[in-house]
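Take a look at the structure below.
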Amino acid sequence: MEAPRAGLGAQAPWKEMSAEELEKQYSPSRWVVRMEPEEALRTFWEKGTEVTRSAQASRQCQLHVPYGDGRGDRMDIYFPDTESEAFPFLLFFHGGYWQSGSKDQSAFMVNPLTTQGVAVAIVGYDVAPKGTLDHMVDQVTRSIVFIQKQYPSNEGIYLCGHSAGAHLASMMFLASWTEHGVAPNLRGFFLVSGLYDLEPIVSTSNNALLLMTLEDAQRNSPQRRLHRAPAPPADPACPVLVMVGEHESPEFHRQSWEFCQTLCRGGWEASFKKLPDMDHFSIIENLTKKDYVVTQIMVKTIFQEL
Ligand SMILES: N[C@@H](CC(=O)c1ccccc1NC=O)C(=O)O
């Protein structure tokens, strides 16, 4: 008897979608249930700007620190109230479909983490049309190398990215650190509402400024390339948390779930978490709170391993 055959849609459901449906699947604000799409976006960036101002006014920080020679190679570093330089670092890469957002509106987790003893770097990068995907990946790589070189006695470097920023962080699974002269002390990844296969995005309006070709998309898709990537470090452990909000599109859920499975198959200690009641924006906005489940997961992951 012939085995039932899975259709194309079982592996790549997006290939069978209409242009309109694909556009909707890749428009996170249209899946928010607490408010209208435009309001969700406006609120997100307004909150981001406000918490960044407040973090800069209340925390010890170094702003606009150059991590390279490019004008956009800048990060803001926020410190715990301790004298030592031997704290863990969390580097945050903001979202905005590689074409909006900035470090100046992205310091969501600074207060709860710095008060717990974690230094937080909010990393800026050149969004499109100034930056290409390859350039942004290079910037993220160099920002991590910079932290490792500047703070060699760090107690671990943790990467956290949101959406397009989670994609940039996940490209670090493919990084070759030897050419940068240092192996960063990477101890964990927090990937929030990310995109790991960029092919479905090529034909959506999100590509209008980015102008990525199919080859660009494939080269920048860890979901496609991870099986040929370096093996995960055996010791120390480097857990990967792949998170997505309940109120996100089926495509965003599929991207996170499939990438988590690919990581596990590649030997990474990866786990998947769907956050009840959260959407693409509240999942990050709530990081301002120390009792939010994601803040607690971060703190636990960071300090359990010290
Ligand atoms: N135009 C998008 C905007 C968006 O996706 C977004 C906005 C802010 C931060 C992250 C985002 N998504 C991915 O990077 C939307 O429909 O929501």
Side-chain angles (χ1 to χ4, degrees), residues 14 17 19-52 92-109 122-133 136-137 139-140 159-171 190-212 217 220-223 242-256 259 275 278-288 294:
W14 63 273
M17 288 177 189
E20 196 183 337
E21 178 59 19
L22 193 61
E23 191 66 30
K24 185 174 176 201
Q25 290 283 334
Y26 285 95
S27 298
S29 58
R30 290 167 69 177
W31 300 82
V32 172
V33 295
R34 40 187 184 109
M35 49 178 80
E36 291 301 311
E38 298 72 31
E39 195 187 351
L41 278 170
R42 186 168 15 91
T43 308
F44 180 71
W45 293 124
E46 277 173 10
K47 279 194 182 163
T49 306
E50 194 182 305
V51 296
T52 304
F92 180 64
F93 307 99
H94 67 79
Y97 262 119
W98 309 276
Q99 55 202 273
S100 63
S102 73
K103 66 177 176 56
D104 308 330
Q105 39 194 172
S106 302
F108 295 95
M109 67 294 291
I122 309 289
V123 180
Y125 56 91
D126 291 315
V127 296
K130 185 176 182 217
T132 60
L133 268 178
M136 293 179 237
V137 171
Q139 286 183 297
V140 166
L159 306 185
C160 175
H162 174 222
S163 200
H167 162 263
L168 295 172
S170 72
M171 284 297 287
F190 305 106
L191 306 175
V192 185
S193 304
L195 296 148
Y196 311 102
D197 173 12
L198 306 193
E199 211 181 309
I201 298 163
V202 173
S203 63
T204 68
S205 67
N206 298 304
N207 198 25
L209 279 179
L210 209 55
L211 297 172
M212 61 176 166
N220 284 291
S221 290
Q223 172 66 4
V242 186
M243 292 173 269
V244 65
E246 180 186 354
H247 301 298
E248 302 211 50
S249 72
E251 274 294 277
F252 269 77
H253 283 240
R254 183 184 68 82
Q255 290 249 357
S256 282
F259 188 54
L275 286 139
M278 293 298 149
D279 56 52
H280 195 76
F281 306 97
S282 57
I283 199 170
I284 287 291
E285 286 167 10
N286 279 291
L287 283 171
T288 55
V294 180

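Whatever order the structure lists them in is the order used to number ligands and atoms, beginning at 1. What you see is a predicted model, and the numbers here were worked out from it, not measured in a lab.
Residues meeting the side-chain contact (heavy atoms from CB on, under 4.5 Å) test with Gln223, sequence neighbours left out: Tyr196, Asp197, Glu258, Phe259, Thr262. Ser256 is linked by a side-chain hydrogen bond (donor to acceptor under 3.5 Å, both in side chains) to nothing, counting only residues two or more places apart in sequence or in another chain.
Put simply, the side chain of Ser163 never gets that close to the backbone of Gly95: no donor and acceptor are under 3.5 Å apart.
Protein residues having a heavy atom under 4.0 Å from any atom of ligand 1 are Ser27, Pro28, Ser29, Leu41, Phe44, Trp45, Gly95, Gly96, Tyr97, His162, Ser163, Ala164, His280, Phe281, listed by chain and number.
The neighbour count for Glu36 CD, taken as heavy atoms of other residues, nucleotides or ligands under 6.0 Å away, does not exceed 12.
Counting only residues at least two apart or in different chains, salt bridge (charged side-chain N to carboxylate O under 4.0 Å, His left out) contacts with residues 94-104 comprise Asp76-Lys103.
The ring of His162 has its center closer than 6.0 angstrom to the ring center of His280.
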